**Student:** 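I am attaching a structure below and will ask some questions about it afterwards.
Side chains included, hydrogens not; waters and symmetry mates left out as well; all remaining heavy atoms used. Fair warning: this is a prediction, and the values are worked out from it, not measured in the lab. All chains are named by letter (A, B, ...) in the order of the sequence lines, taking the proteins before the strands, and each is independently numbered beginning at 1.
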Amino acid sequence: MTSLPIHLYDTRRRSVVAFEPIHPGKVGIYTCGPTVYGPQHLGNMRSQLLPDVLRRVLGASGLDVRYVTNITDVGHLVSDADDGDDKVEAAAARTGESVEQITRRWTDQWATDRRRLGCLEPDSVPKATEHIAGQIEMVQVLEAKGHTYQIGDGVYFDVSTFPRYAEFAGLTLDDHEATGRIDNIVDKRHPADFALWKLTPPGVSRLQEWDSPWGRGFPGWHIECSVMASEELGRHIDVHTGGVDHVRVHHTNEVAQSECAFELHPWVNIWMHNEFLDLGGEKMSKSRGHILTVDSLVERGIDPLAFRYFFLQTHYRQQQAFGFDLVEASGTGLRRLTQHATNARDEVGGDLLAPGSAGQRAEELRKQFWSALVDDLNTPKAMAVVSTVARDGELSHADRWSLLGDFDRILGFGFADAASVGSGELGADLGAKEPEVAKLLAARQAARLAKDFATADRIRDELAAKGWEIVDTPQGPTVRRS
RNA sequence: GGCGUCGUGGCCGAGUGGCUUAGGCAAGGGCCUGCAAAGCCCUGUACCCGGGUUCGAUUCCCGGCGGCGCCUCCA
């Protein structure tokens, strides 16, 4: 695998390019994280899953990966026309809670949910409010280089000083005016100019504000990412990810600031953007009050990891149709896959094969799997290989486990620790955890042995009504939650 | 209105100028089972419409229709 060259789609160049780390052997990845004024929904989690797969693939290729994603706890305005309130501040005003209570709660929800989806922990999770000094400093640098101007409302970036501004997202700057949809209540020179530092109006006091060379206020949204990314990963970034919606405004502005302040042209080598989840016409955005979260899945009895499997079944640059029935279907697929993996694992005592000791057929499949992934993270294709491995009759148990155990470094399903049918949580611990269920199960088995099938079936129905499905295995009967 | 993207078998969803029956879920048949469930085996021959390029297009080009996204906060 280490020998396979990795190719990734770069939004800036609009093509798949060969990945080359800036510093040999190392790679830094930055992802625009959540604005913690409300819950993160399943669509948001797609942009957590993309970098998770990316870092796993890069890591498996032998690179030392440093993954950073931030928490936006200030500066993200309710409207991006550079007017309106800070989102966190607005939420605090609405609920009467403190800013800390709000940002803490939603930061925790985000962290918990990404964990439930099998995402590895970031190496660092910087917060915007903890990098105020750096942001002020960067604005000063931009100011010194003549890229800013100040008006009553704050300090703005002057896009006319950055000729490449429209290039990144393929914008036609005139469109900004043509649409006529932006109310320019501030005296911006160009509609695309954006706030670097917002000033608190005289006589007003905000929950979150800091002193600056321009007066009390708070930083603009875009500046935080440029600052945190460079402080954590150095000025020249290998990969920066985010949702497609960020291309036009947020990332365009990040590029403008960073390239001007650092005097560096591609500030980021590869920009990766995940497409949206398609909720069948109904847009799943916070402003519409349509909040589907990981909890929404759990409430329906769906394993959060089913969503991970669901995510892997579609390419990240493709809009993905969402439906609970679809995620449930993925859950079925995951359950079967896990069963195959654990069966093979248990057959060989859980030991992963030493590299090279797998058979010809196995090595062929292993190569297919990694080839799909290094081709711009073609996870659907990789999953097809996974399915083949799970059932291929030519593979020995050892080979099967060798492959699935290896693949799980990317899949993140936790095969090594997963409970197998007929053992673990379902078997040995059942008596302790679910004494009632264990008793019924034993009673049914006794009835079966006594050929009293009427009683046996009645008990089976009883268990089913309680949400337990009986699974008869060669090792004897056991149950699982249905 | 502008820009972009997608339109594949019941559903989701890869892929390719003429050998992939991709894969998953669902469905049907079989094996197993006391009967089931679970599991295993087998089956289904698809590429929005109309032109064009080509020996040949689902795959390339043009047009149309349709979905979605961005252009406003949004992953």
Side-chain angles (χ1 to χ4, degrees), chain A residues 14 31-35 37-38 40-50 76-81 84 87 90 169-172 174-176 178-183 191 221 241-250 273-288 309-310 312-323 325-337 339-340 343 368 372 378-388 390-391 393 421-422 447-449 451-454 456-457 460-461 464 469-474 477-480 482:
Chain A
R14 293 171 184 74
T31 299
C32 289
T35 300
Y37 70 104
Q40 290 289 296
H41 54 67
L42 292 172
N44 292 295
M45 298 321 278
R46 202 178 179 196
S47 51
Q48 292 298 315
L49 288 163
L50 163 63
H76 202 156
L77 303 181
V78 171
S79 157
D80 204 33
K87 287 187 171 184
L171 302 175
T172 306
D174 294 343
D175 282 356
H176 279 81
T179 65
R181 297 173 71 178
I182 301 173
D183 292 331
W221 175 39
T241 82
V244 277
D245 54 310
H246 281 332
V247 177
R248 290 255 180 173
V249 178
H250 186 47
H273 295 95
N274 56 282
E275 256 295 349
F276 273 36
L277 221 45
D278 177 2
L279 200 69
E282 280 186 90
K283 192 176 171 184
M284 180 160 62
S285 69
K286 298 169 193 173
S287 55
R288 295 276 292 271
Y309 186 105
F310 174 74
L312 294 171
Q313 282 183 304
T314 300
H315 188 87
Y316 75 90
R317 280 193 286 122
Q318 210 62 44
Q319 289 175 10
Q320 180 172 27
F322 175 85
D325 55 334
L326 297 174
V327 182
E328 264 173 41
S330 295
T332 303
L334 172 61
R335 195 198 71 217
R336 289 180 181 156
L337 172 61
Q339 189 166 330
H340 282 110
N343 282 348
Q368 281 177 23
N378 194 331
T379 56
K381 207 170 185 179
M383 288 298 281
V385 179
V386 170
S387 293
T388 302
R391 287 179 243 244
V421 173
R448 289 180 76 203
L449 293 174
K451 305 275 190 212
D452 180 4
F453 298 123
D457 292 349
R460 181 166 65 198
D461 292 343
E469 183 183 9
I470 289 179
V471 180
D472 289 320
T473 73
T478 184
V479 292
R480 72 174 169 215
S482 54

**Student:** What is the base-pairing partner of B:rC70, counting Watson-Crick and G-U wobble geometry with both distances under 3.5 Å?
**Tutor:** B:rG2
**Student:** Who is the Watson-Crick or G-U wobble partner of B:rC32, with both distances under 3.5 Å?
**Tutor:** none
**Student:** So, OP1 or OP2 of B:rG15: does either fall under 4.0 Å of a side-chain N or O from A:N378?
**Tutor:** yes
**Student:** Decide, yes or no, whether a salt bridge links A:R448 with A:D457 under the criterion of side-chain N to carboxylate O below 4.0 Å.
**Tutor:** no
**Student:** Is there a Watson-Crick or G-U wobble partner for B:rU59 with both distances under 3.5 Å, and if so, which one is it?
**Tutor:** none
**Student:** Dump the pairs, protein N or O against N or O of nucleotides 40-45 of chain B, anything under 3.5 Å, distances to one decimal.
**Tutor:**
{"from": "B:rC40", "atom 1": "OP1", "to": "A:H340", "atom 2": "NE2", "distance (Å)": "2.4"}

**Student:** How close or far is atom C1' of B:rA75 from atom OH of A:Y37, stated in whole angstroms?
**Tutor:** 11 Å
**Student:** Is a side-chain donor or acceptor of A:H41 paired with a backbone partner of A:N44 at a separation under 3.5 angstrom?
**Tutor:** yes
**Student:** Under 3.5 Å for both donor-acceptor distances, Watson-Crick or wobble: does B:rC19 have a partner, and if so which one?
**Tutor:** none
**Student:** Taking A:A169's backbone N and O only, do any of them form a donor-acceptor pair with A:R248's side chain (distance below 3.5 Å, no angle check)?
**Tutor:** no
**Student:** Check the phosphate of B:rG39 against A:R335, side-chain N and O only, distance under 4.0 Å to OP1 or OP2. Yes or no?
**Tutor:** yes
**Student:** Using heavy atoms to find the nearest nucleotide of RNA chain B for A:P380 and A:R448 separately, return the residue whose nucleotide is more 5′.
**Tutor:** A:P380
**Student:** Would you say the base of B:rC6 and the side-chain of A:Q319 have a donor-acceptor pair closer than 3.5 Å?
**Tutor:** no
**Student:** Map A:Q320 and A:G243 onto RNA chain B by nearest heavy atom, then report which one ends up closer to the 5' terminus.
**Tutor:** A:Q320
